[in-house]
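To start, the structure under review is shown below, and the notes come after it.
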Amino acid sequence: MVEFDVIELDSDQPFCLDKTLSCGQAPRWHQENGWWYGVVADSAFKVRQDGDKLHYDGVGSDFISRYFCLDFDLWKVYDRLKDDVYAKRAMQENYGLRILNQDAWECMVFQMTVNRIRTKSSTDRITRISSRLGKKLNIDGKEYFTFPKPADIVNAGLPALKSCNISYFADNIMIAANKVLENPLWENEVNNADYDAAVSILSGFKGIKHRVAEWILLFAFKRYEAFPVDAHIRKIFEENYLKGHYFGTDTDDKFDEAVKDAASRKFGDYRGYALEYLFNTYRSQ
DNA sequence: AACCAGGTCATGA
DNA sequence: TCATGACATGGT
């Protein structure tokens, strides 16, 4: 038996690798022989949980800790969720699910391609782009591909990008690649901006409006106050928290505001986490 | 074989 | 500013 590197998880801190990687927040993870295999930024690696131990191979412990946000105190979230009946149930069902700290560029492109189209298709798009334009990596004799950097995409050109069968998203992705190339500090700018300003920066990319901007902030910038009201969340609130609200006369925007308000009151600054838990519970029904 | 999918953008009134 | 259709593809 080969010995792999190990992280001893803090026994006070909930962490469930399976929940975290199977909830759909990040593309391109898959399970094989008890291991999760994935590519993050420039590295392919595998990881496996055995109780309080996290075995991994391919990257360093800092990388693992940062990606899975192992230092984040999840109890701050759970203390906030436990007083709400739906959120509490979602908390129990998804116990240990952590919001990842994804690579910002890949996350942005991924979220751009989620537009109204189910996540599986978006994942397939990211996979196709990677295998055509990304850099080849190897782990356990299997091939993996990085997600191409902005420069890789620009150098490959629009026809090559379009050949990945990513439909009309190709144009927006190319524009974003050029924009990021011109402003390599965009990530810092988002990180340093307050919430509304961060949303504005991201919304400045073609194909990203408020909603998608908030997804990106939640998954790649650790902004747990992000609360993107999408079709599913709208439905969850319709059927539970805002039951009886007749919103047929309201525009969607007004209803979305009502959803945001309710979420802020109930879950405070951890509403993004609440959203991920509620969504996952709803999705698995 | 139609129809739908975690949305955005460009139109038109 | 508000409602409506187009967008390109894969899965049911």
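Sequence lines set the chain letters: A, B, ... in the order given, protein chains first and strands last, and positions in each chain run from 1.
Partners of A:Arg223 by salt bridge (Lys or Arg N to Asp or Glu O under 4.0 Å), not counting sequence neighbours: none found. Residues passing the ring pair (Phe, Tyr, Trp, His ring centres under 6.0 Å) test with A:Phe227, sequence neighbours excluded: A:Phe237. For the side chain to side chain donor-acceptor pair (under 3.5 Å) test, residues two or more places apart in sequence or in another chain that qualify with A:Tyr37 are A:Asp140. In this structure A:Arg271 satisfies the side chain to side chain donor-acceptor pair (under 3.5 Å) test with no other residue, sequence neighbours excluded. With sequence neighbours excluded, no residue forms a side chain to side chain donor-acceptor pair (under 3.5 Å) with A:Lys76. The ring pair (Phe, Tyr, Trp, His ring centres under 6.0 Å) search around A:Phe63 returns A:Phe45, not counting sequence neighbours. Applying the side chain to side chain donor-acceptor pair (under 3.5 Å) rule to A:Tyr144 yields the partners A:His30; only residues at least two apart in sequence or on another chain are considered.
Following rounding to the nearest Å, A:Lys235 (NZ) and B:dC4 (C1') show an atom-to-atom distance of 14 Å. Protein atom CD of A:Glu214 is 14 Å distant from nucleotide atom C1' of B:dG7, rounded to whole Å. Whole-Å rounding puts the A:Arg234 CZ to B:dA5 P distance at 12 Å. Regarding A:His232, its NE2 atom lies at a distance of 12 Å from the C1' atom of B:dG7, rounded to whole Å. Here the P atom of nucleotide B:dT8 and the CG atom of A:Leu202 are 12 Å apart, to the nearest Å. Regarding A:Asp256, its CG atom lies at a distance of 10 Å from the P atom of B:dG7, rounded to whole Å.
Ring centers of A:Tyr273 and A:Phe267: at least 6.0 Å apart, outside the cut-off.
With respect to the salt-bridge test (charged N to carboxylate O, under 4.0 angstrom), the residues A:Asp124 and A:Lys120 qualify.
Counting only Watson-Crick or G-U wobble pairs whose defining distances are both under 3.5 Å, the stems of 3 or more consecutive pairs in DNA chain C are B:2-5 with C:9-12, B:7-13 with C:1-7.
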Distances under 3.5 Å only, N/O to N/O: pair up the protein atoms with those of nucleotides 9-13 of chain B.
from, atom 1, to, atom 2, distance (Å)
B:dC9, OP1, A:Gly207, N, 2.9

Checklist outcome for this item: Contact string for nucleotides 6-12 of chain C, one letter per nucleotide 5' to 3', B = base within protein heavy-atom range under 4.0 Å, S = sugar-phosphate only, - = neither, reads -BBSS--
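For the P atoms, the distance linking C:dA8 with B:dT11 amounts to 14 Å, nearest Å. A distance of about 23 Å separates the P atoms of C:dC7 and B:dA1, rounded to the whole Å.
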Table please: side-chain donor-acceptor pairs of residues 174-183 of chain A below 3.5 Å, with sequence neighbours left out.
from, atom 1, to, atom 2, distance (Å)
A:Asn178, ND2, A:Met174, O, 3.1
A:Lys179, NZ, A:Gly204, O, 2.9
A:Asn183, OD1, A:Leu185, N, 3.3
A:Asn183, ND2, A:Glu189, OE1, 3.3

In residues 97-105 of chain A, what donor-acceptor pairs under 3.5 Å come from side-chain atoms, sequence neighbours left out?
from, atom 1, to, atom 2, distance (Å)
A:Arg98, NE, A:Pro14, O, 3.0
A:Arg98, NH1, A:Cys69, O, 2.8
A:Arg98, NH1, A:Phe72, O, 2.9
A:Arg98, NH2, A:Gln13, OE1, 2.7
A:Arg98, NH2, A:Pro14, O, 3.0
A:Arg98, NH2, A:Phe72, O, 3.3
A:Asn101, ND2, A:Ala220, O, 3.3
A:Gln102, NE2, A:Gln25, O, 2.8
A:Asp103, OD2, A:Trp105, N, 3.4
A:Asp103, OD2, A:Glu106, N, 3.0
A:Trp105, NE1, A:Pro148, O, 2.9

